[in-house]
Novice: 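Starting off with a structure, shown below.
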Amino acid sequence: MERAIENAEKTDDIEVIREGMKLIHQKTNKTMESLGVKEIKTEDADFDTDYHEAVAMVPGMGDDKKGKVLDCVQKGYTLNDKVIRHAKVAVGQ
């Protein structure tokens, strides 16, 4: 991060700064995964109170969307299969 900040001060090219941030994000994710931290999957998932926290209920989505995660507001994570932060999601009602 220190190198990214230092290099960001040397350029006005936003694309260079954006690419540097993406590389830092990817490297951080790989490091966290190697330590046992995994993102809780929410896409096309059934709502599960063990992993998800409902922050919104969306009515009128049809029976096929009832009890399904429709949108992820904030990602959740597990550490060695133990939840360290629940995924905050919108759920079909």
Side-chain angles (χ1 to χ4, degrees):
M1 287 302 294
E2 291 171 354
R3 287 177 48 198
I5 293 168
E6 183 178 310
N7 287 326
E9 293 173 356
K10 295 178 183 177
T11 184
D12 291 331
D13 187 357
I14 193 70
E15 288 303 316
V16 171
I17 296 169
R18 184 174 288 132
E19 183 64 26
M21 295 302 289
K22 286 179 184 179
L23 291 172
I24 291 168
H25 184 256
Q26 290 171 356
K27 180 72 172 179
T28 302
N29 282 348
K30 276 188 141 181
T31 301
M32 297 301 279
E33 284 177 11
S34 72
L35 296 171
V37 176
K38 295 180 184 171
E39 181 181 326
I40 295 172
K41 299 298 179 196
T42 57
E43 193 170 323
D44 297 325
D46 291 328
F47 178 70
D48 184 348
T49 57
D50 291 336
Y51 296 101
H52 307 119
E53 177 184 344
V55 295
M57 299 296 285
V58 183
M61 295 300 292
D63 288 340
D64 59 327
K65 298 289 184 179
K66 190 173 187 175
K68 299 280 188 184
V69 173
L70 301 176
D71 186 31
C72 182
V73 177
Q74 184 179 42
K75 292 179 181 181
Y77 297 93
T78 60
L79 174 62
N80 300 324
D81 297 324
K82 182 180 178 188
V83 176
I84 56 176
R85 182 171 81 185
H86 289 83
K88 294 184 180 183
V89 297
V91 181
Q93 194 173 25

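For reference, positions follow the sequence shown, starting with 1.
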Novice: Side-chain donor-acceptor contacts of residues 18-25 below 3.5 Å, not counting sequence neighbours, with atom names and distances?
Specialist:
| residue | atom | partner | partner atom | Å |
| --- | --- | --- | --- | --- |
| R18 | NH1 | E15 | OE2 | 2.6 |

Novice: Looking at V16 and T11, what are the two nearest heavy atoms and their distance?
Specialist: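 Looking at all heavy atoms of both residues, the shortest contact is CG1-CG2, 4.4 Å.
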Novice: May I have all residue pairs that pass salt bridge (charged side-chain N to carboxylate O under 4.0 Å, His left out) and include part of residues 77-93, sequence neighbours excluded?
Specialist: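 For residues 77-93: none.
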Novice: With rounding to the nearest 0.5 angstrom, report the CG to OG1 distance, L70 to T42.
Specialist: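 Output value for this atom pair is 10.5 Å.
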Novice: Looking at residues at least two apart in the chain, or sitting in another chain, which of them share a side-chain hydrogen bond (donor to acceptor under 3.5 Å, both in side chains) with R3?
Specialist: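 Once residues adjacent in sequence are excluded, R3 has no partner under the side-chain hydrogen bond (donor to acceptor under 3.5 Å, both in side chains) criterion.
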Novice: What are the two closest heavy atoms between I40 and A87, and how far apart are they?
Specialist: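 Heavy-atom minimum between the residues: CD1-N, 4.3 Å.
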Novice: Going by side-chain contact (heavy atoms from CB on, under 4.5 Å), name the residues that satisfy it together with K10, two or more places apart in sequence or in a different chain.
Specialist: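 Partners of K10 under the side-chain contact (heavy atoms from CB on, under 4.5 Å) test: E6, N7.
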Novice: Which other residues end up in the same hydrophobic cluster as L79, if Ile, Leu, Val, Met, Phe, Trp and Tyr are linked when side-chain heavy atoms come under 4.5 Å apart?
Specialist: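 Under the 4.5 Å side-chain rule, L79 groups with M32, V37, Y77, I84.
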Novice: So, using side-chain hydrogen bond (donor to acceptor under 3.5 Å, both in side chains) as the criterion, who are the partners of D63 when residues are at least two apart?
Specialist: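 With sequence neighbours excluded, D63 shows a side-chain hydrogen bond (donor to acceptor under 3.5 Å, both in side chains) to no residue whatsoever.
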Novice: Tell me which donor-acceptor pairs under 3.5 Å the side chains of residues 50-58 have, and how far apart each pair is, sequence neighbours excluded?
Specialist:
| residue | atom | partner | partner atom | Å |
| --- | --- | --- | --- | --- |
| H52 | ND1 | D48 | N | 3.0 |
| H52 | ND1 | D48 | O | 3.3 |

Novice: Is it the case that more than 12 heavy atoms not belonging to D64 sit under 6.0 Å from its CG atom?
Specialist: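 Yes, because the 6.0 Å sphere around CG of D64 holds more than 12 heavy atoms from other groups.
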Novice: Pairs in or reaching into residues 65-78: which pass salt bridge (charged side-chain N to carboxylate O under 4.0 Å, His left out), with residues at least two apart or in two chains?
Specialist: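 Every salt bridge (charged side-chain N to carboxylate O under 4.0 Å, His left out) pair that includes a residue of residues 65-78, provided the two are not neighbours, is E39-K75, D46-K68.
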Novice: Going by salt bridge (charged side-chain N to carboxylate O under 4.0 Å, His left out), name the residues that satisfy it together with E9, two or more places apart in sequence or in a different chain.
Specialist: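 Checked E9 against salt bridge (charged side-chain N to carboxylate O under 4.0 Å, His left out); zero matches.
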Novice: Got more than 12 heavy atoms from elsewhere within 6.0 Å of CG, D12?
Specialist: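 Check fails, neighbour count at 12 or below.
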